[in-house]
2 protein chains.
Amino acid sequence: MLSRSVQDYLKTIFKLQEGGAVSTTEISKELKVSGASVTGMLKRLSAMELVDYNSYKGVKLTEKGKVVSLEIIRHHRLLELYLKDHLEFSLEKVHEEACRLEHYISEEFADKIDDIMGHPQFDPHGHPIPTKSGVLSEFEDKPLNEVEVGANIQIKRLSDTDSELLAYLEEMGLMPGVQLTVLEKAPFNGPVTVKFANEEKIIGNEIAKNIFVIMNCDEIPE
Amino acid sequence: MLSRSVQDYLKTIFKLQEGGAVSTTEISKELKVSGASVTGMLKRLSAMELVDYNSYKGVKLTEKGKVVSLEIIRHHRLLELYLKDHLEFSLEKVHEEACRLEHYISEEFADKIDDIMGHPQFDPHGHPIPTKSGVLSEFEDKPLNEVEVGANIQIKRLSDTDSELLAYLEEMGLMPGVQLTVLEKAPFNGPVTVKFANEEKIIGNEIAKNIFVIMNCDEIPE
DNA sequence: AATAATATTTAGTTTTAAATAAAATTTTTC
DNA sequence: GAAAAATTTTATTTAAAACTAAATATTATT
(Lines give C-alpha, C1' and ligand atoms only; values in the text may rest on other atoms or scores of the structure.)
Protein backbone atom coordinates (compact mmCIF):
# COMPACT_ATOMS: atom_id res chain seq x y z
CA MET A 1 0.00 0.00 0.00
CA LEU A 2 1.18 3.51 -0.75
CA SER A 3 2.17 5.50 2.33
CA ARG A 4 0.10 8.42 3.47
CA SER A 5 2.92 10.79 2.47
CA VAL A 6 3.11 9.41 -1.03
CA GLN A 7 -0.64 9.78 -1.36
CA ASP A 8 -0.46 13.37 -0.14
CA TYR A 9 2.23 14.27 -2.66
CA LEU A 10 0.14 12.77 -5.46
CA LYS A 11 -2.93 14.69 -4.36
CA THR A 12 -0.92 17.90 -4.30
CA ILE A 13 0.57 17.37 -7.74
CA PHE A 14 -2.88 16.62 -9.12
CA LYS A 15 -4.23 19.80 -7.59
CA LEU A 16 -1.41 21.95 -8.97
CA GLN A 17 -0.94 20.43 -12.40
CA GLU A 18 -3.72 22.22 -14.29
CA GLY A 19 -1.18 24.61 -15.75
CA GLY A 20 1.20 21.96 -17.07
CA ALA A 21 4.17 20.56 -15.17
CA VAL A 22 4.43 21.33 -11.46
CA SER A 23 7.61 22.81 -9.99
CA THR A 24 9.45 21.66 -6.90
CA THR A 25 8.86 24.96 -5.18
CA GLU A 26 5.11 24.87 -5.71
CA ILE A 27 4.91 21.48 -4.04
CA SER A 28 7.31 22.57 -1.35
CA LYS A 29 5.12 25.57 -0.46
CA GLU A 30 1.90 23.60 -0.57
CA LEU A 31 3.14 20.79 1.69
CA LYS A 32 5.38 23.01 3.82
CA VAL A 33 8.51 20.90 3.42
CA SER A 34 11.94 21.82 2.08
CA GLY A 35 12.70 21.75 -1.62
CA ALA A 36 15.24 19.02 -1.05
CA SER A 37 12.56 16.81 0.49
CA VAL A 38 10.38 17.33 -2.55
CA THR A 39 13.19 16.38 -4.94
CA GLY A 40 13.75 13.23 -2.90
CA MET A 41 10.10 12.25 -3.06
CA LEU A 42 9.82 13.04 -6.76
CA LYS A 43 12.60 10.55 -7.44
CA ARG A 44 10.74 7.90 -5.49
CA LEU A 45 7.45 8.64 -7.25
CA SER A 46 9.27 8.50 -10.56
CA ALA A 47 10.79 5.10 -9.72
CA MET A 48 7.25 3.91 -8.96
CA GLU A 49 6.15 5.27 -12.34
CA LEU A 50 3.57 7.51 -10.73
CA VAL A 51 5.08 10.68 -12.21
CA ASP A 52 7.18 11.79 -15.15
CA TYR A 53 10.00 13.73 -13.63
CA ASN A 54 12.70 15.70 -15.41
CA SER A 55 15.27 17.45 -13.28
CA TYR A 56 14.77 21.21 -13.21
CA LYS A 57 11.70 20.85 -15.45
CA GLY A 58 9.04 19.84 -12.96
CA VAL A 59 6.74 16.82 -12.76
CA LYS A 60 3.55 15.54 -14.30
CA LEU A 61 1.45 12.62 -13.18
CA THR A 62 1.61 9.53 -15.39
CA GLU A 63 -1.66 7.82 -16.29
CA LYS A 64 -1.05 5.46 -13.38
CA GLY A 65 -0.42 8.44 -11.11
CA LYS A 66 -3.64 10.09 -12.23
CA VAL A 67 -5.62 6.96 -11.53
CA VAL A 68 -4.25 6.78 -8.00
CA SER A 69 -4.80 10.50 -7.37
CA LEU A 70 -8.37 10.37 -8.56
CA GLU A 71 -9.00 7.40 -6.34
CA ILE A 72 -7.83 9.36 -3.30
CA ILE A 73 -9.85 12.42 -4.31
CA ARG A 74 -12.86 10.19 -4.84
CA HIS A 75 -12.43 8.74 -1.36
CA HIS A 76 -12.11 12.18 0.13
CA ARG A 77 -15.18 13.66 -1.49
CA LEU A 78 -17.39 10.62 -0.99
CA LEU A 79 -16.36 10.58 2.66
CA GLU A 80 -17.10 14.27 3.11
CA LEU A 81 -20.61 13.85 1.77
CA TYR A 82 -21.23 10.68 3.71
CA LEU A 83 -19.95 12.14 6.97
CA LYS A 84 -22.17 15.15 6.52
CA ASP A 85 -25.37 13.54 5.27
CA HIS A 86 -25.30 10.15 6.96
CA LEU A 87 -23.23 10.58 10.10
CA GLU A 88 -24.37 14.12 10.83
CA PHE A 89 -20.91 15.68 11.00
CA SER A 90 -20.95 19.45 10.79
CA LEU A 91 -19.55 20.96 7.60
CA GLU A 92 -16.44 22.34 9.24
CA LYS A 93 -15.44 18.95 10.62
CA VAL A 94 -15.83 16.78 7.53
CA HIS A 95 -12.64 17.94 5.86
CA GLU A 96 -10.27 16.90 8.62
CA GLU A 97 -11.92 13.52 9.14
CA ALA A 98 -12.03 12.82 5.41
CA CYS A 99 -8.37 13.84 5.02
CA ARG A 100 -7.38 11.14 7.46
CA LEU A 101 -9.75 8.37 6.44
CA GLU A 102 -9.32 8.81 2.68
CA HIS A 103 -6.01 6.96 2.95
CA TYR A 104 -7.34 3.94 4.78
CA ILE A 105 -10.80 3.00 3.51
CA SER A 106 -10.91 0.15 0.99
CA GLU A 107 -12.28 0.46 -2.51
CA GLU A 108 -15.18 -1.61 -1.31
CA PHE A 109 -15.93 0.89 1.46
CA ALA A 110 -15.91 3.74 -1.05
CA ASP A 111 -18.17 1.82 -3.42
CA LYS A 112 -20.65 1.00 -0.66
CA ILE A 113 -21.11 4.58 0.46
CA ASP A 114 -21.26 5.67 -3.17
CA ASP A 115 -24.11 3.18 -3.74
CA ILE A 116 -25.94 4.23 -0.61
CA MET A 117 -25.81 7.88 -1.62
CA GLY A 118 -26.93 7.08 -5.16
CA HIS A 119 -23.70 8.02 -6.95
CA PRO A 120 -23.65 11.71 -6.06
CA GLN A 121 -21.85 14.15 -8.36
CA PHE A 122 -20.71 16.77 -5.86
CA ASP A 123 -19.36 16.85 -2.34
CA PRO A 124 -20.67 19.25 0.35
CA HIS A 125 -18.29 22.00 -0.83
CA GLY A 126 -19.52 21.67 -4.39
CA HIS A 127 -16.44 19.84 -5.69
CA PRO A 128 -17.13 17.21 -8.32
CA ILE A 129 -16.70 13.59 -7.21
CA PRO A 130 -14.69 11.45 -9.67
CA THR A 131 -16.54 8.36 -10.87
CA LYS A 132 -15.17 4.92 -10.04
CA SER A 133 -13.73 4.75 -13.54
CA GLY A 134 -11.87 8.00 -12.93
CA VAL A 135 -13.96 10.56 -14.77
CA LEU A 136 -13.91 13.95 -13.13
CA SER A 137 -16.58 16.33 -14.33
CA GLU A 138 -15.40 19.85 -14.70
CA PHE A 139 -17.23 23.09 -14.34
CA GLU A 140 -16.16 26.66 -14.71
CA ASP A 141 -16.27 28.74 -11.64
CA LYS A 142 -14.59 31.84 -10.29
CA PRO A 143 -14.17 33.53 -6.94
CA LEU A 144 -16.96 35.90 -5.92
CA ASN A 145 -14.58 38.88 -5.83
CA GLU A 146 -14.06 38.60 -9.60
CA VAL A 147 -17.72 38.62 -10.61
CA GLU A 148 -19.11 41.67 -12.41
CA VAL A 149 -21.83 43.80 -10.81
CA GLY A 150 -25.39 42.77 -11.71
CA ALA A 151 -24.60 39.10 -12.25
CA ASN A 152 -27.03 36.43 -11.09
CA ILE A 153 -24.91 33.68 -9.69
CA GLN A 154 -24.99 30.51 -7.68
CA ILE A 155 -22.45 29.42 -5.09
CA LYS A 156 -20.69 26.38 -6.48
CA ARG A 157 -18.09 25.55 -3.88
CA LEU A 158 -16.20 26.94 -0.93
CA SER A 159 -12.49 26.79 -0.37
CA ASP A 160 -12.19 24.13 2.30
CA THR A 161 -8.92 24.99 3.96
CA ASP A 162 -10.09 27.19 6.82
CA SER A 163 -12.67 25.54 9.05
CA GLU A 164 -13.35 28.73 11.02
CA LEU A 165 -14.21 30.50 7.83
CA LEU A 166 -16.44 27.61 6.82
CA ALA A 167 -18.32 27.80 10.09
CA TYR A 168 -18.81 31.53 9.56
CA LEU A 169 -20.08 31.06 6.01
CA GLU A 170 -22.43 28.31 7.16
CA GLU A 171 -23.85 30.63 9.79
CA MET A 172 -24.31 33.38 7.19
CA GLY A 173 -26.15 30.87 4.99
CA LEU A 174 -23.56 31.21 2.22
CA MET A 175 -23.58 27.59 1.10
CA PRO A 176 -23.22 25.78 -2.21
CA GLY A 177 -26.41 26.02 -4.24
CA VAL A 178 -27.46 29.40 -2.84
CA GLN A 179 -28.52 31.99 -5.44
CA LEU A 180 -27.05 35.49 -5.26
CA THR A 181 -27.16 38.76 -7.15
CA VAL A 182 -24.11 41.01 -7.07
CA LEU A 183 -25.33 44.56 -6.27
CA GLU A 184 -22.13 46.44 -5.77
CA LYS A 185 -18.39 46.07 -5.71
CA ALA A 186 -16.31 48.66 -3.89
CA PRO A 187 -13.13 49.64 -5.76
CA PHE A 188 -9.56 48.78 -4.69
CA ASN A 189 -10.46 45.28 -3.52
CA GLY A 190 -13.26 46.51 -1.35
CA PRO A 191 -16.18 44.43 -0.14
CA VAL A 192 -18.82 42.89 -2.39
CA THR A 193 -22.50 43.60 -1.75
CA VAL A 194 -24.87 40.82 -2.67
CA LYS A 195 -28.58 40.23 -2.41
CA PHE A 196 -29.74 36.89 -1.23
CA ALA A 197 -32.98 35.68 0.36
CA ASN A 198 -34.18 39.26 -0.14
CA GLU A 199 -31.52 40.64 2.13
CA GLU A 200 -28.45 42.62 1.32
CA LYS A 201 -25.18 41.36 2.71
CA ILE A 202 -21.72 42.83 2.54
CA ILE A 203 -18.90 40.37 2.11
CA GLY A 204 -15.26 41.30 2.66
CA ASN A 205 -12.90 40.83 -0.26
CA GLU A 206 -10.75 38.26 1.50
CA ILE A 207 -13.83 36.17 2.25
CA ALA A 208 -15.20 36.61 -1.26
CA LYS A 209 -12.00 35.06 -2.62
CA ASN A 210 -12.99 31.79 -0.97
CA ILE A 211 -16.50 31.64 -2.41
CA PHE A 212 -16.52 30.15 -5.89
CA VAL A 213 -19.54 30.82 -8.04
CA ILE A 214 -20.98 30.00 -11.45
CA MET A 215 -23.38 31.94 -13.66
CA ASN A 216 -26.92 31.15 -12.75
CA CYS A 217 -28.60 28.09 -14.16
CA ASP A 218 -31.36 25.82 -12.98
CA GLU A 219 -29.36 22.65 -12.85
CA ILE A 220 -25.93 22.13 -11.45
CA PRO A 221 -23.75 21.62 -14.54
CA GLU A 222 -21.93 18.34 -15.14
CA MET B 1 -1.39 10.04 18.08
CA LEU B 2 -0.31 6.53 19.00
CA SER B 3 1.15 4.56 16.11
CA ARG B 4 -0.71 1.61 14.68
CA SER B 5 1.94 -0.73 16.09
CA VAL B 6 1.60 0.65 19.58
CA GLN B 7 -2.16 0.26 19.34
CA ASP B 8 -1.77 -3.33 18.16
CA TYR B 9 0.51 -4.22 21.07
CA LEU B 10 -1.98 -2.74 23.51
CA LYS B 11 -4.86 -4.70 21.96
CA THR B 12 -2.83 -7.89 22.19
CA ILE B 13 -1.88 -7.35 25.82
CA PHE B 14 -5.50 -6.63 26.66
CA LYS B 15 -6.59 -9.81 24.95
CA LEU B 16 -4.00 -11.95 26.73
CA GLN B 17 -4.06 -10.43 30.17
CA GLU B 18 -7.07 -12.25 31.64
CA GLY B 19 -4.74 -14.65 33.46
CA GLY B 20 -2.61 -11.95 35.11
CA ALA B 21 0.59 -10.54 33.68
CA VAL B 22 1.41 -11.30 30.06
CA SER B 23 4.79 -12.75 29.07
CA THR B 24 7.07 -11.55 26.31
CA THR B 25 6.75 -14.87 24.49
CA GLU B 26 2.96 -14.82 24.46
CA ILE B 27 3.00 -11.41 22.80
CA SER B 28 5.78 -12.49 20.49
CA LYS B 29 3.76 -15.50 19.28
CA GLU B 30 0.55 -13.55 18.91
CA LEU B 31 2.10 -10.73 16.88
CA LYS B 32 4.66 -12.93 15.11
CA VAL B 33 7.67 -10.79 15.96
CA SER B 34 10.87 -11.69 17.79
CA GLY B 35 11.08 -11.63 21.57
CA ALA B 36 13.65 -8.88 21.37
CA SER B 37 11.24 -6.69 19.45
CA VAL B 38 8.63 -7.22 22.13
CA THR B 39 11.02 -6.26 24.91
CA GLY B 40 11.87 -3.12 22.98
CA MET B 41 8.25 -2.15 22.61
CA LEU B 42 7.40 -2.94 26.22
CA LYS B 43 10.03 -0.44 27.31
CA ARG B 44 8.47 2.20 25.10
CA LEU B 45 4.97 1.42 26.35
CA SER B 46 6.26 1.57 29.90
CA ALA B 47 7.87 4.96 29.29
CA MET B 48 4.48 6.14 28.02
CA GLU B 49 2.88 4.77 31.20
CA LEU B 50 0.59 2.53 29.23
CA VAL B 51 1.87 -0.64 30.91
CA ASP B 52 3.52 -1.76 34.14
CA TYR B 53 6.55 -3.67 33.06
CA ASN B 54 8.97 -5.62 35.25
CA SER B 55 11.86 -7.33 33.51
CA TYR B 56 11.35 -11.09 33.34
CA LYS B 57 8.00 -10.79 35.13
CA GLY B 58 5.71 -9.81 32.26
CA VAL B 59 3.47 -6.77 31.70
CA LYS B 60 0.08 -5.52 32.75
CA LEU B 61 -1.85 -2.61 31.33
CA THR B 62 -2.05 0.47 33.53
CA GLU B 63 -5.42 2.17 33.94
CA LYS B 64 -4.39 4.53 31.16
CA GLY B 65 -3.42 1.56 29.01
CA LYS B 66 -6.77 -0.11 29.62
CA VAL B 67 -8.63 3.02 28.63
CA VAL B 68 -6.75 3.21 25.35
CA SER B 69 -7.18 -0.52 24.64
CA LEU B 70 -10.90 -0.41 25.30
CA GLU B 71 -11.19 2.56 23.00
CA ILE B 72 -9.57 0.61 20.17
CA ILE B 73 -11.71 -2.46 20.86
CA ARG B 74 -14.77 -0.25 20.93
CA HIS B 75 -13.83 1.21 17.57
CA HIS B 76 -13.27 -2.24 16.13
CA ARG B 77 -16.55 -3.73 17.28
CA LEU B 78 -18.67 -0.71 16.45
CA LEU B 79 -17.11 -0.66 13.00
CA GLU B 80 -17.76 -4.37 12.43
CA LEU B 81 -21.42 -3.97 13.25
CA TYR B 82 -21.75 -0.79 11.24
CA LEU B 83 -20.01 -2.24 8.21
CA LYS B 84 -22.25 -5.27 8.31
CA ASP B 85 -25.61 -3.67 9.08
CA HIS B 86 -25.31 -0.28 7.41
CA LEU B 87 -22.78 -0.70 4.62
CA GLU B 88 -23.77 -4.26 3.72
CA PHE B 89 -20.32 -5.78 4.09
CA SER B 90 -20.38 -9.57 4.29
CA LEU B 91 -19.47 -11.05 7.65
CA GLU B 92 -16.14 -12.43 6.50
CA LYS B 93 -14.95 -9.04 5.29
CA VAL B 94 -15.81 -6.86 8.27
CA HIS B 95 -12.89 -7.99 10.41
CA GLU B 96 -10.15 -6.94 8.03
CA GLU B 97 -11.72 -3.57 7.27
CA ALA B 98 -12.40 -2.87 10.95
CA CYS B 99 -8.83 -3.87 11.89
CA ARG B 100 -7.50 -1.17 9.62
CA LEU B 101 -10.01 1.60 10.27
CA GLU B 102 -10.16 1.15 14.05
CA HIS B 103 -6.84 3.03 14.28
CA TYR B 104 -7.92 6.04 12.27
CA ILE B 105 -11.53 6.95 13.00
CA SER B 106 -12.04 9.80 15.47
CA GLU B 107 -13.91 9.48 18.73
CA GLU B 108 -16.61 11.53 17.10
CA PHE B 109 -16.93 9.04 14.26
CA ALA B 110 -17.26 6.17 16.74
CA ASP B 111 -19.87 8.08 18.74
CA LYS B 112 -21.90 8.89 15.64
CA ILE B 113 -22.17 5.30 14.45
CA ASP B 114 -22.86 4.21 18.03
CA ASP B 115 -25.77 6.68 18.18
CA ILE B 116 -27.11 5.62 14.79
CA MET B 117 -27.11 1.98 15.81
CA GLY B 118 -28.76 2.75 19.16
CA HIS B 119 -25.83 1.84 21.42
CA PRO B 120 -25.62 -1.83 20.54
CA GLN B 121 -24.17 -4.29 23.08
CA PHE B 122 -22.66 -6.90 20.79
CA ASP B 123 -20.78 -6.98 17.50
CA PRO B 124 -21.67 -9.36 14.64
CA HIS B 125 -19.48 -12.10 16.14
CA GLY B 126 -21.23 -11.80 19.49
CA HIS B 127 -18.38 -9.95 21.23
CA PRO B 128 -19.48 -7.33 23.73
CA ILE B 129 -18.90 -3.70 22.71
CA PRO B 130 -17.31 -1.54 25.43
CA THR B 131 -19.33 1.54 26.36
CA LYS B 132 -17.89 4.98 25.76
CA SER B 133 -16.99 5.14 29.43
CA GLY B 134 -15.03 1.92 29.09
CA VAL B 135 -17.36 -0.67 30.61
CA LEU B 136 -17.04 -4.07 28.97
CA SER B 137 -19.86 -6.46 29.76
CA GLU B 138 -18.74 -9.99 30.31
CA PHE B 139 -20.52 -13.24 29.62
CA GLU B 140 -19.51 -16.82 30.15
CA ASP B 141 -19.17 -18.89 27.07
CA LYS B 142 -17.31 -21.99 26.01
CA PRO B 143 -16.36 -23.63 22.74
CA LEU B 144 -18.94 -26.01 21.28
CA ASN B 145 -16.57 -28.98 21.54
CA GLU B 146 -16.67 -28.74 25.34
CA VAL B 147 -20.45 -28.75 25.75
CA GLU B 148 -22.11 -31.83 27.30
CA VAL B 149 -24.54 -33.96 25.27
CA GLY B 150 -28.17 -32.93 25.58
CA ALA B 151 -27.49 -29.25 26.26
CA ASN B 152 -29.69 -26.59 24.75
CA ILE B 153 -27.37 -23.83 23.72
CA GLN B 154 -27.14 -20.63 21.77
CA ILE B 155 -24.25 -19.50 19.63
CA LYS B 156 -22.73 -16.48 21.30
CA ARG B 157 -19.78 -15.64 19.15
CA LEU B 158 -17.42 -17.03 16.53
CA SER B 159 -13.67 -16.88 16.57
CA ASP B 160 -12.94 -14.20 13.99
CA THR B 161 -9.45 -15.05 12.88
CA ASP B 162 -10.14 -17.25 9.85
CA SER B 163 -12.33 -15.59 7.24
CA GLU B 164 -12.71 -18.76 5.17
CA LEU B 165 -14.07 -20.55 8.19
CA LEU B 166 -16.42 -17.64 8.83
CA ALA B 167 -17.76 -17.82 5.29
CA TYR B 168 -18.32 -21.56 5.73
CA LEU B 169 -20.14 -21.10 9.03
CA GLU B 170 -22.29 -18.35 7.57
CA GLU B 171 -23.27 -20.64 4.71
CA MET B 172 -24.14 -23.41 7.18
CA GLY B 173 -26.31 -20.92 9.07
CA LEU B 174 -24.20 -21.26 12.21
CA MET B 175 -24.40 -17.65 13.35
CA PRO B 176 -24.54 -15.86 16.70
CA GLY B 177 -28.03 -16.13 18.16
CA VAL B 178 -28.84 -19.50 16.59
CA GLN B 179 -30.30 -22.11 18.97
CA LEU B 180 -28.79 -25.61 19.01
CA THR B 181 -29.20 -28.89 20.83
CA VAL B 182 -26.16 -31.15 21.23
CA LEU B 183 -27.23 -34.66 20.24
CA GLU B 184 -23.97 -36.56 20.22
CA LYS B 185 -20.27 -36.19 20.75
CA ALA B 186 -17.93 -38.75 19.28
CA PRO B 187 -15.08 -39.73 21.63
CA PHE B 188 -11.41 -38.84 21.14
CA ASN B 189 -12.12 -35.33 19.88
CA GLY B 190 -14.52 -36.58 17.25
CA PRO B 191 -17.21 -34.47 15.63
CA VAL B 192 -20.19 -32.97 17.44
CA THR B 193 -23.71 -33.67 16.20
CA VAL B 194 -26.20 -30.88 16.76
CA LYS B 195 -29.83 -30.32 15.91
CA PHE B 196 -30.80 -26.98 14.57
CA ALA B 197 -33.72 -25.73 12.50
CA ASN B 198 -35.03 -29.33 12.77
CA GLU B 199 -32.01 -30.69 10.94
CA GLU B 200 -29.09 -32.67 12.23
CA LYS B 201 -25.66 -31.39 11.40
CA ILE B 202 -22.28 -32.88 12.12
CA ILE B 203 -19.56 -30.40 13.00
CA GLY B 204 -15.88 -31.37 13.05
CA ASN B 205 -14.04 -30.89 16.31
CA GLU B 206 -11.64 -28.29 14.92
CA ILE B 207 -14.55 -26.22 13.70
CA ALA B 208 -16.48 -26.69 16.96
CA LYS B 209 -13.55 -25.13 18.83
CA ASN B 210 -14.26 -21.86 17.04
CA ILE B 211 -17.95 -21.71 17.91
CA PHE B 212 -18.51 -20.26 21.34
CA VAL B 213 -21.86 -20.93 22.99
CA ILE B 214 -23.81 -20.13 26.13
CA MET B 215 -26.51 -22.10 27.89
CA ASN B 216 -29.87 -21.29 26.44
CA CYS B 217 -31.72 -18.22 27.59
CA ASP B 218 -34.26 -15.93 26.02
CA GLU B 219 -32.26 -12.75 26.24
CA ILE B 220 -28.66 -12.21 25.41
CA PRO B 221 -27.01 -11.68 28.81
CA GLU B 222 -25.33 -8.39 29.69
C1' DA C 1 22.10 -28.26 44.40
C1' DA C 2 23.91 -28.51 39.95
C1' DT C 3 22.77 -28.58 35.39
C1' DA C 4 20.01 -28.28 31.39
C1' DA C 5 16.39 -26.08 29.03
C1' DT C 6 13.71 -22.15 28.32
C1' DA C 7 12.62 -17.38 28.51
C1' DT C 8 14.07 -12.80 28.43
C1' DT C 9 16.96 -8.98 27.92
C1' DT C 10 20.93 -6.41 26.03
C1' DA C 11 23.74 -4.73 22.55
C1' DG C 12 24.48 -3.72 18.21
C1' DT C 13 22.56 -3.60 13.43
C1' DT C 14 19.32 -3.01 9.78
C1' DT C 15 15.53 -1.18 7.21
C1' DT C 16 12.50 2.17 5.63
C1' DA C 17 10.32 6.52 5.32
C1' DA C 18 10.75 10.98 5.57
C1' DA C 19 12.86 14.97 6.63
C1' DT C 20 16.91 18.43 6.91
C1' DA C 21 21.06 21.86 5.91
C1' DA C 22 24.75 23.17 3.18
C1' DA C 23 27.05 23.04 -1.07
C1' DA C 24 26.90 22.57 -5.94
C1' DT C 25 24.59 23.15 -10.14
C1' DT C 26 21.21 24.71 -13.48
C1' DT C 27 17.91 27.96 -15.08
C1' DT C 28 16.02 32.41 -15.32
C1' DT C 29 16.19 37.25 -15.23
C1' DC C 30 17.95 41.68 -15.78
C1' DG D 1 27.05 37.64 -19.05
C1' DA D 2 26.52 38.26 -14.19
C1' DA D 3 23.36 38.02 -10.38
C1' DA D 4 19.37 35.97 -8.50
C1' DA D 5 16.38 32.26 -8.00
C1' DA D 6 15.27 27.54 -8.33
C1' DT D 7 16.70 22.94 -8.04
C1' DT D 8 19.47 19.06 -7.10
C1' DT D 9 23.20 16.63 -4.75
C1' DT D 10 25.51 15.10 -0.83
C1' DA D 11 25.73 13.83 3.52
C1' DT D 12 23.17 13.64 7.82
C1' DT D 13 19.32 13.13 10.96
C1' DT D 14 15.30 11.25 13.15
C1' DA D 15 12.10 7.83 14.28
C1' DA D 16 9.72 3.66 14.45
C1' DA D 17 10.08 -0.89 14.22
C1' DA D 18 12.17 -4.81 13.31
C1' DC D 19 16.22 -8.29 13.53
C1' DT D 20 20.40 -11.45 15.14
C1' DA D 21 23.60 -12.99 18.35
C1' DA D 22 25.28 -12.98 22.84
C1' DA D 23 24.47 -12.56 27.66
C1' DT D 24 21.69 -13.25 31.56
C1' DA D 25 17.84 -14.79 34.36
C1' DT D 26 14.34 -18.12 35.47
C1' DT D 27 12.39 -22.64 35.69
C1' DA D 28 12.52 -27.51 35.38
C1' DT D 29 15.02 -31.89 35.83
C1' DT D 30 17.65 -35.09 37.70
Side-chain angles (χ1 to χ4, degrees), chain A residues 1-17 19-61 64-65 68-69 72 99-100 102-104, chain B residues 1-17 19-61 64-65 68-69 72 99-100 102-104:
Chain A
M1 211 200 77
L2 299 174
S3 75
R4 190 170 165 174
S5 259
V6 165
Q7 292 186 40
D8 282 334
Y9 272 93
L10 290 175
K11 249 174 73 177
T12 302
I13 297 166
F14 187 93
K15 184 176 165 187
L16 298 173
Q17 88 170 355
V22 182
S23 73
T24 301
T25 321
E26 285 178 278
I27 299 170
S28 155
K29 277 182 187 157
E30 184 78 14
L31 291 176
K32 297 181 176 80
V33 294
S34 71
S37 304
V38 174
T39 304
M41 179 60 95
L42 294 184
K43 284 179 174 174
R44 283 180 57 209
L45 295 178
S46 183
M48 290 189 274
E49 299 186 318
L50 293 165
V51 298
D52 279 330
Y53 171 52
N54 294 300
S55 279
Y56 300 100
K57 304 284 179 68
V59 266
K60 275 187 165 181
L61 294 171
K64 191 172 153 192
V68 176
S69 304
I72 306 165
C99 258
R100 191 167 0 93
E102 65 186 2
H103 306 294
Y104 305 111
Chain B
M1 211 200 76
L2 300 173
S3 75
R4 187 168 169 175
S5 261
V6 165
Q7 292 185 40
D8 282 334
Y9 273 91
L10 290 175
K11 248 174 73 176
T12 302
I13 297 167
F14 187 93
K15 183 176 165 186
L16 297 173
Q17 88 170 356
V22 182
S23 74
T24 300
T25 321
E26 284 178 279
I27 298 170
S28 155
K29 277 179 185 159
E30 185 78 15
L31 292 175
K32 297 184 176 79
V33 295
S34 72
S37 303
V38 174
T39 304
M41 180 59 95
L42 294 185
K43 284 179 174 174
R44 283 180 56 209
L45 295 178
S46 183
M48 289 188 274
E49 299 188 319
L50 293 165
V51 298
D52 279 330
Y53 171 49
N54 294 300
S55 278
Y56 298 101
K57 302 285 177 68
V59 265
K60 276 186 164 182
L61 294 171
K64 191 172 153 192
V68 177
S69 304
I72 306 165
C99 257
R100 191 168 1 92
E102 65 186 2
H103 306 293
Y104 306 111

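Below, chains carry the letters A, B, ... as their sequence lines are ordered, and counting in each starts from 1.
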Pairwise distance CD1(B:I27) to CG(B:D8) - rounded to 0.5 angstrom: 12.5 Å
Length of the CG-C1' vector between B:L42 and D:dA16, whole Å: 15 Å
Presence of A:T24 side-chain N/O under 4.0 Å of D:dT8 phosphate oxygens OP1/OP2: yes
Gap between atoms CD1 and P, on A:I27 and D:dA6 respectively (whole Å): 15 Å
Rounded distance in Å - CD (A:E26) to P (D:dA5): 18 Å
Contact under 4.0 Å: A:K57 side-chain N or O vs D:dA6 OP1/OP2: no
All side-chain hydrogen bond (donor to acceptor under 3.5 Å, both in side chains) counterparts of B:S23, not counting sequence neighbours: B:E26
Non-neighbouring partners of B:Q7 that pass side-chain hydrogen bond (donor to acceptor under 3.5 Å, both in side chains), sequence neighbours left out: B:H103
Summary of salt bridge (charged side-chain N to carboxylate O under 4.0 Å, His left out) pairs that have at least one residue in residues 37-53 of chain A, sequence neighbours excluded: none
Residue list, ring-ring contact (aromatic ring centres under 6.0 Å, His included) with A:Y104, at least two apart or on another chain: B:Y104
Test side-chain hydrogen bond (donor to acceptor under 3.5 Å, both in side chains) applied to A:R100 - qualifying residues, sequence neighbours left out: A:E97
Euclidean distance, atom NZ of residue A:K43 to atom P of D:dA11 [Å, nearest integer]: 12 Å
Can you give me the N/O atom pairs linking the protein to nucleotides 14-20 of chain C at distances under 3.5 Å, or say none if there are none?
unit_1 : atom_1 : unit_2 : atom_2 : d
C:dA18 : OP1    : A:S3   : OG     : 2.4
C:dA18 : OP2    : A:R44  : NH1    : 2.2
C:dA18 : OP2    : A:R44  : NH2    : 2.7
C:dA19 : OP2    : A:Y9   : OH     : 3.2
C:dT20 : OP2    : A:S34  : N      : 2.8
C:dT20 : OP2    : A:S34  : OG     : 2.7
C:dT20 : OP2    : A:S37  : OG     : 2.4

Distance, rounded to the nearest Å, where B:Y56 contributes OH and D:dT26 contributes P: 7 Å
d(CG, B:L10; P, D:dA17) in whole Å: 11 Å
